[in-house]
Amino acid sequence: MIVILEPQLDGDSSQTAAVLQHLRSVAGITPKIHQVTGEQQVLTEIYLVGNTAGLDRAEIEALPGVNRVVKVSRAYAVLGRHTGDSRSYGFTYNGVTFNQDNFNLFAGLCAVDTRAHVEQMMKAVADMGLNCTRMGAYKPRTNPYSFQGHGAECLPWVFELAGKYGIKVIAMEITHDTHIAQINAALKDSGNPTGVMLQIGTRNTQNFELLKACGRQNDHPVLLKRGFGITLEESLNAAEYLASEGNRKVIFCLRGMKTNMGDPHRNFVDFSHVPVIKRMTHMPVCIDPSHSVGTRARAPDGLLDVFHATAQGIIAGANMVLIDFHPNPASALVDGPQALTMDELVHYVEDIDIARQAYLARKKRAAE
Ligand code: PEP
Ligand code: MN
């Protein structure tokens with residue numbers, strides 16, 4: 001159950017305290033208070049954890065300061081869609097808005113390697129009028145002897161270059177909770193020239209301590225990759241971990257499932273789940289066609305499989321694309337074989353636009 005307070009009430013008001021006191025007196029219930037920053041106002045919501053079966057909804061709704069009460073399923077209490085749930089979702093971070101209706105492209109390097117490559121990438125993004133990118137500093141690698149990413153050492157110059165090219169949000173994977181403090185320190189030291197969306201990779205989807213750490217901070221939104229070998233329900237519960245700790249700025253990313261049934265692609269493309277995530281939750285949905293397809297194979301129609309997979313996700317309503325580019329894929333230290341080249345960026349953006357327009361036309365037709 002979610003108790004939504006009147007918009008003008010904040011967490012410290014006496015009315016809020018009285019509502020909390022009332023809820024705490026109910027045996028077996030733990031109220032958890034959340035501040036939700038929307039575009040227009042800050043809302044205070046109280047999540048009731050525990051056995052809510054015996055609660056009298058009308059009685060709670062009658063308490064002074066309570067706007068309404070939403071009954072939620074146990075599974076995805078915060079992020080899920082519930083009957084009669086008109087809470088508005090989506091968020092704006094460092095000037096960029098993310099919700100289930102709009103679209104943002106994050107083209108960038110799988111892994112930060114040289115300053116020159118980072119600069120070339122960011123310049124190409126900026127030249128297209130885009131303001132988001134991906135930059136991996138901490139890389140989870142299968143082989144312990146493979147390049148592990150430059151880590152904290154590269155953050156100062158990556159952030160400085162982001163500022164130079166007007167990049168507002170960098171999706172950056174973290175593999176340990178200490179990386180959050182490293183990112184915050186580097187952002188502060190460089191004068192906050194950009195924003196960072198914390199990315200939790202598919203190998204860490206169920207790293208619950210990492211999820212809790214990302215959920216406890218509210219500075220950065222979180223991009224959660226679907227676990228490549230677990231059920232959708234398990235991955236959605238992982239997302240709920242973030243929200244249950246207080247951070248509702250969560251984007252869910254499909255990146256293909258690990259099975260040889262997807263051969264010859266690196267992973268089995270699962271973008272038909274875009275509408276499923278949207279129906280079950282309020283999260284914006286991202287697709288990662290690079291890690292799904294994993295190669296630069298081209299179909300007889302002249303389009304790379306990566307282009308096709310991207311279009312499939314977008315025409316199904318994806319809100320974000322995370323995609324690997326590299327100025328010289330042959331020299332890339334991570335995932336070169338799947339990277340698009342700089343001269344493919346214009347075509348890629350045009351192809352996305354075709355698919356996005358088709359999606360919007362389909363949506364319009366469905367509303368008629
Ligand atoms: C990545 O985006 O670089 C990455 C490692 O992705 P995934 O966690 O989906 O494998
Ligand atoms: Mn990669």
Side-chain angles (χ1 to χ4, degrees), residues 104-113 117-118 121 125 132-144 146-151 154 158 169-176 179 183 196-207 210-211 214 220-230 232 234-236 238-239 242 250-259 262 265-271 273-274 277 283 285-296 305-306 309-310 313 318 320-341:
N104 289 292
L105 173 60
F106 282 61
L109 303 181
C110 176
V112 169
D113 47 19
H117 287 155
V118 170
M121 187 70 236
V125 166
C132 298
T133 188
R134 58 160 293 153
M135 289 287 155
Y138 309 95
K139 298 305 299 180
R141 304 304 302 280
T142 303
N143 185 331
S146 303
F147 172 64
Q148 304 284 309
H150 287 311
C154 69
V158 170
V169 187
I170 303 176
M172 181 173 282
E173 178 165 359
I174 59 163
T175 55
H176 195 271
H179 298 159
I183 288 170
V196 172
M197 178 182 284
L198 303 175
Q199 184 179 321
I200 297 180
T202 195
R203 290 158 190 80
N204 276 314
T205 308
Q206 284 189 313
N207 181 340
L210 183 61
L211 293 169
C214 290
H220 309 278
V222 183
L223 179 67
L224 178 71
K225 294 279 193 99
R226 177 183 191 172
F228 55 24
I230 57 177
L232 181 61
E234 286 164 331
S235 289
L236 293 177
L242 295 159
V250 184
I251 297 176
F252 191 81
C253 182
L254 298 170
R255 48 82 69 210
M257 303 304 289
K258 197 181 183 76
T259 158
H265 289 160
R266 182 176 176 184
N267 289 287
F268 197 64
V269 181
D270 54 350
F271 298 166
H273 276 170
V274 169
I277 317 297
M283 286 184 282
V285 184
C286 176
I287 53 163
D288 177 343
S290 298
H291 291 81
S292 301
V293 170
T295 75
R296 293 185 40 84
D305 289 12
V306 174
T310 305
M320 172 173 160
V321 169
L322 191 71
I323 174 95
D324 292 3
F325 273 77
H326 199 279
N328 178 19
S331 78
L333 297 173
V334 186
D335 284 347
Q338 69 194 25
L340 302 181
T341 57

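Note that ligands are numbered from 1 as they come in the structure, with each ligand's atoms numbered from 1 the same way. Bear in mind that the values here come from a model prediction, so they are computed numbers and not experimental data.
Each of the following atoms of ligand 1 lies closer than 4.0 Å to a heavy atom of Gly201: 8 (O). Atoms of ligand 1 found under 4.0 Å from any heavy atom of Lys139 (numbered from 1 in listed order, with element): 1 (C), 3 (O). Within ligand 1, the atoms closer than 4.0 Å to a non-hydrogen atom of Gln199 are 1 (C), 2 (O), numbered from 1 in the order shown.
Looking at Asp335 and the Mn ion (ligand 2) together, the shortest N, O or S contact belongs to OD2.
One N or O on the side chain of Asp270 and one on the backbone of Gly256 form a donor-acceptor pair closer than 3.5 Å. Side-chain atoms of Asn204 never come within 3.5 Å of backbone atoms of Asn207 as a donor-acceptor pair (strictly under, hydrogens ignored).
In terms of protein heavy atoms, atom 5 (C) of ligand 1 is closest to Glu173 OE1, 3.4 Å.
Among the candidates Gln199, Arg255, Lys225, the single residue satisfying the side-chain hydrogen bond (donor to acceptor under 3.5 Å, both in side chains) test with Asp288 is Lys225.
At a 3.5 angstrom cut-off on N or O pairs, Asp335 does not count as close to ligand 1.
Across the listed options Lys258, Arg255, Arg141, Arg266, Arg255 owns the non-hydrogen atom lying nearest to atom 10 (O) of ligand 1.
Note on ligand 1: Cys110 sits in its first shell, one or more heavy atoms being nearer than 4.0 Å.
With a cut-off of 2.8 Å, the Mn ion (ligand 2) has no N, O or S atom of Asp324 in range.
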